[in-house]
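The sequence lines fix the lettering, A, B, ..., with proteins before strands; numbering per chain opens at 1.
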Amino acid sequence: MTNFKLIDKKWQESWEKKKIFQVNELKKKKFYSLEMFAYPSGSGLHMGHAFNYTVGDIFARFKIMNGFNVLHPVGYDSFGLPAENAAIKANIHPKKYTESAIENFVKQQKRLGLSYDWSRLFKTSSSEYYKWNQYLFLKLYEAGLVYRKKSCVNWCPKCETVLANEQVHDGKCWRHSDCDVVEKELEQWFIKTSKYSQELLDYLPKLQWPERIKFMQENWIGKSKGAKVKFKLKDSNEEIEVFTTRPDTLYGVTFLVYSIQHPKVRWLTKDTMQSDEVEYFLRNLPKQSPEDRDKEGIFIGRYAINPLTNEEVPIYASNFVVPDYATGVVMAVPAHDQRDFEFAKKYGIPIKLVIQPKKGLLNVKEMESAYTGPGILVNSGKFSSLDNETAKEEIIKFLKSNKLGKEELQYRLRDWLVSRQRYWGTPIPMIYCEKCGIVPVPEKDLPIKLPEKIIFGKGNPLETSNEFIQVRCPKCKSLAKRETDTMDTFFDSSWYFLRFTDSHNKLKPFETKKVDFWLPVDMYIGGSEHACMHLIYARFFTKALRDLGMLELDEPFKVLYNQGMIHGEDGFVMSKSRGNVVDPIKTLDKYGADALRIFLVSNASPDKDSSWSATGIESSYKLVSKIYNYVKKAKVGITSARVENKLNKTIKEVTEDLENLRYNLALIKIRELVDSFEKQISKKDLESFVKLICPFAPHIAEELWNLIGNKKFVSLETWPKFDSKKINPELDAIDELIQNTIKDVYNIQKLVSIKPTKIVISVAEHWKYNLINDIKKEMKHTYDISEIIKAVIDKEHAQDIAKLVPSFVKNPTKLPKLVLSQEKEFNSLKENKKRFEKEFNLAIEITKNNIKAMPGKPAILFE
RNA sequence: GCAGAGGUGCCGGAGCGGUCAAACGGGUUAGGCUUAGGACCUAAUGGCUUAGUGCCUUCGCAGGUUCGAAUCCUGUCCUCUGCACCA
């Protein structure tokens, strides 16, 4: 086994020492290639990381070799709960824990041979970075995009902190699929992502992202078109605004429903006979996650007036109404909305039919579910007999002109809750003063550093750190309290790609000019799990910072590529409990980086899931060895036309495949090329080949490049160009002819079941290509090549044979047939001549010493 | 329930109107090399067949379009992913 480990090390050190991947803004043709921000977990690099970085690195290297000024940076998203928890568990300070984790991570990443500009490295847990988190937080605050609000928020008991909407999946915490999120009423910091709902939606079609991700974001932002309608509260001047997408059903409203979390519920009910009952209801309603909770509600003792009919409708409070969507109150039309229908049935509320389908008549008494389809309005005053779509418009028009409502758009996207009740994150730069209220920390006082001497126990250790909490109010200088919450780590990753353009700027988060030069990210590679988290926040940030005048950019990521997952050999997700985890480092030790890189991308298209395979990595290792040994032993000379054809064709196809991240297909073509190589090859072609494999296997590429007499780095060489003149389909045809001839030789041999001592192959005298040589070469494994001799067939036949190749190219299915015989079997063959001719459509003439090929048929003779 | 993606040979996985019994890899079988094993190299690997430019059957299932379908259309079953009380 060649020790590729040493070769890996040699070149990794050399690249780093010569800083060959460091870039600046001098060269114009830029390309920003980025893999999603790494969270440096204490357990080090796993196969998924290795895959992600390999996919990105191959692309970055390809772009470098194509003359681009490639920014390919790396950094660490080092704040966060897992580090904090792991540190507590190991009884180490999170800072120490994280630092050693990063150190380890860097070491492991380097072993993959990644083309990073290491000089730009930063970590978010360093105050040099999070200072700018705080700075940007304050800028957003000044711009009115950060606010504090008391509301019902999601709390994960395992994380012991609140979560953003995006971090709750199916009622569970995104980190703990076994942990139900609890709703808590708390005052928290929010970022107004909702301000950009429409723009986030509008730009989606322009992005070169997987359709799936765009679709997920579209759903997440969730735009609905409808109307805002004002209901008067009975015995009051108050108005209740509701949002509906079905203004056409307004005549069918039989009740209104407040969300139980709506702050107005208690207030509305306080002077009614129901107040105790409602209070009891609100207090005792079991907390259940939304999907499995039953609709529970209660009449709150008040009535509202339908603006169109002036009818009184009762008001309820229920758990099925989402508190922070639209106004948190809905108008209920049980006849035409399934949820309202179920609720009305349960509480015996009247159901009023206002839309009849165009076919068939509905009857309220017989209805078993709401009718939500289209139809004609009935029982709807002057709007009756209108088509319901028309009625939507007409009713909105009417509401508008009578100031009872208006057309309205609603989005599902909520504002981003960024407070976290944890230690290992960026302190929120706010101060609470009894006199002045909320006071932002002045810019000059940044960064607010995380205190290192703290006591971990239950809850947020910052709350017990007096050193941290106690502060003078920046305004009135009296004693005040610091905010002890830290920022969601998604805040850190929302702008890190901007910082990479100017990683070590001490005066600003980044230089606008640099961002304008490098951004947008031209290729962003990572998993799809961030579709509705990081990828939404980062888009929001970009737009917000643009509006703050900090950059000129609408969208941060031009192209997004989702790589798949590497599963264990058993096809399941790699996990410790399953015991199917494969350690990339151990693999690197055994096979070297190039083999691992090649394995990871040769299984399947990189956007698909694939499984680890012990034989697969072996096979990649074999390919690497084969390439290495071939180039090492290749005789520099003239490349045969056959290999030239293959090489140029491969360059052409591999280039296209790389451009489209079809690494698996590119590697197949490279494999075929390697198999077609001959001992002799020109230096130039050898060099082209080494360049061709460089993005995949940069270490052996450098080693071989050096070996064939080059001093510079192949990683920085220009990508090979193919010569279309060298690509000749005729040669492929010849190749096929040879393969078929050999096949025939084997078949005849099988037939006569005797090992031949000598093979005579008759071919045309003036055959353009040296068929015999090629056949000899190919058959050297089976026979002593000296035993294959060329027999010349007469001119008349030869001319016909010469026609074969062009006609074959035109119609590859009509392959010329080669005829074989063997001395011992000669007689039987002779006897069967007629049959052969008939069955196999062969024109053969058998004589004692030779088999004469008839037009179009070369012949082979065993002696 | 709604919306997306997909079902290909022993396995992974290409192909996405004709050159397809279907790339490439793995596995298996046979042969070469070798003291032996490994590595390496070669061939075979849907069925039939006394050599295939042969026949038959295959690309989830059932139909259809076409001179021609793994590839296009319709229906159907299954798998995976995402969203699920957003009014």
Salt bridge (Lys or Arg N to Asp or Glu O under 4.0 Å) partners for [X], two or more places apart:
X: A:E211; value: A:K214
X: A:K346; value: A:E296
X: A:E389; value: A:K392
X: A:K195; value: none

Below 3.5 Å is the cut-off: list the nitrogen or oxygen pairs between protein and nucleotides 8-12 of chain B, distance only.
none

What is the separation between atom [atom1] on [X] and atom [atom2] on [N], rounded to the nearest whole Å?
X: A:K214; N: B:A5; atom1: NZ; atom2: P; answer: 13 Å
X: A:Y621; N: B:C40; atom1: OH; atom2: C1'; answer: 12 Å
X: A:K608; N: B:G15; atom1: NZ; atom2: C1'; answer: 11 Å
X: A:E678; N: B:C41; atom1: CD; atom2: P; answer: 16 Å
X: A:Y591; N: B:A39; atom1: OH; atom2: C1'; answer: 13 Å
X: A:E618; N: B:A39; atom1: CD; atom2: P; answer: 8 Å
X: A:E211; N: B:G4; atom1: CD; atom2: C1'; answer: 10 Å
X: A:Q338; N: B:G1; atom1: CD; atom2: P; answer: 15 Å

Note to self: The criterion is side chain to side chain contact (heavy atoms under 4.5 Å, CB included); which residues satisfy it with A:K652, sequence neighbours excluded?
What the structure shows: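 Here the qualifying residues are A:E656, A:F722, A:I727.
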Every protein N/O within reach of nucleotides 78-84 of chain B N/O, cut-off under 3.5 Å:
| residue | atom | partner | partner atom | Å |
| --- | --- | --- | --- | --- |
| B:U81 | O2' | A:R212 | NH1 | 3.3 |
| B:A84 | OP1 | A:R412 | NH2 | 3.1 |

Next item on the list: Consider the side chain of A:K622, meaning its heavy atoms from C-beta on, and name the nucleotide among B:C40, B:A87, B:A14 that approaches it most closely.
Entry: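 Closest of the options to the side chain of A:K622: B:C40.
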Notebook entry, point to check: Looking at residues at least two apart in the chain, or sitting in another chain, which of them share a side-chain hydrogen bond (donor to acceptor under 3.5 Å, both in side chains) with A:D340?
Noted result: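 With neighbours one apart ignored, the set is empty.
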Check: What residues form a side-chain hydrogen bond (donor to acceptor under 3.5 Å, both in side chains) with A:S611, not counting sequence neighbours?
Finding: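 If we apply the side-chain hydrogen bond (donor to acceptor under 3.5 Å, both in side chains) test to A:S611, skipping adjacent residues, there are no hits.
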Next item on the list: Mind checking ring pair (Phe, Tyr, Trp, His ring centres under 6.0 Å) for A:Y347 and listing every partner two or more places apart, or none if nothing turns up?
Entry: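 With neighbours one apart ignored, the set is A:F343.
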My understanding is that a pair needs two contacts under 3.5 Å, Watson-Crick or G-U wobble. By that rule, which nucleotide pairs with [N]?
N: B:C16; answer: none
N: B:C72; answer: B:G64
N: B:G82; answer: B:C2
N: B:A36; answer: none

Checklist line | Closest heavy-atom pair and its distance - A:S151, A:F190 | finding: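 Nearest pair, atom of A:S151 first, then A:F190: OG-CZ, 3.6 Å.
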Margin query: Quick check: closest heavy atoms across A:F243 and A:K225, and the distance to 0.1 Å?
Written below: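 For A:F243 versus A:K225, the nearest heavy atoms are CZ-C, 4.2 Å.
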Next item on the list: Could you name each residue pair satisfying salt bridge (charged side-chain N to carboxylate O under 4.0 Å, His left out) that touches residues 605-626 of chain A, not counting sequence neighbours?
Entry: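 Non-adjacent pairs meeting salt bridge (charged side-chain N to carboxylate O under 4.0 Å, His left out): A:K626-A:D675.
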In whole Å, what separates the [atom1] atom of [N] from that of [M]?
N: B:G47; M: B:U42; atom1: P; result: 24 Å
N: B:A44; M: B:A21; atom1: C1'; result: 14 Å
N: B:A30; M: B:C80; atom1: P; result: 39 Å

Notebook entry, point to check: Does A:K626 have a side-chain nitrogen or oxygen under 4.0 Å from the phosphate oxygens OP1 or OP2 of B:C41?
Noted result: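 Indeed, a polar side-chain atom of A:K626 lies that close.
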Check: With ring centroids as reference points, do A:Y628 and A:F4 lie under 6.0 angstrom apart?
Finding: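 Here the rings of A:F4 and A:Y628 have centres that are less than 6.0 Å from each other.
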N/O to N/O distances under 3.5 Å, protein versus nucleotides 20-25 of chain B:
| residue | atom | partner | partner atom | Å |
| --- | --- | --- | --- | --- |
| B:A23 | O2' | A:E672 | OE2 | 3.1 |
| B:G25 | O3' | A:S619 | OG | 3.4 |
| B:G25 | O2' | A:S619 | OG | 3.4 |

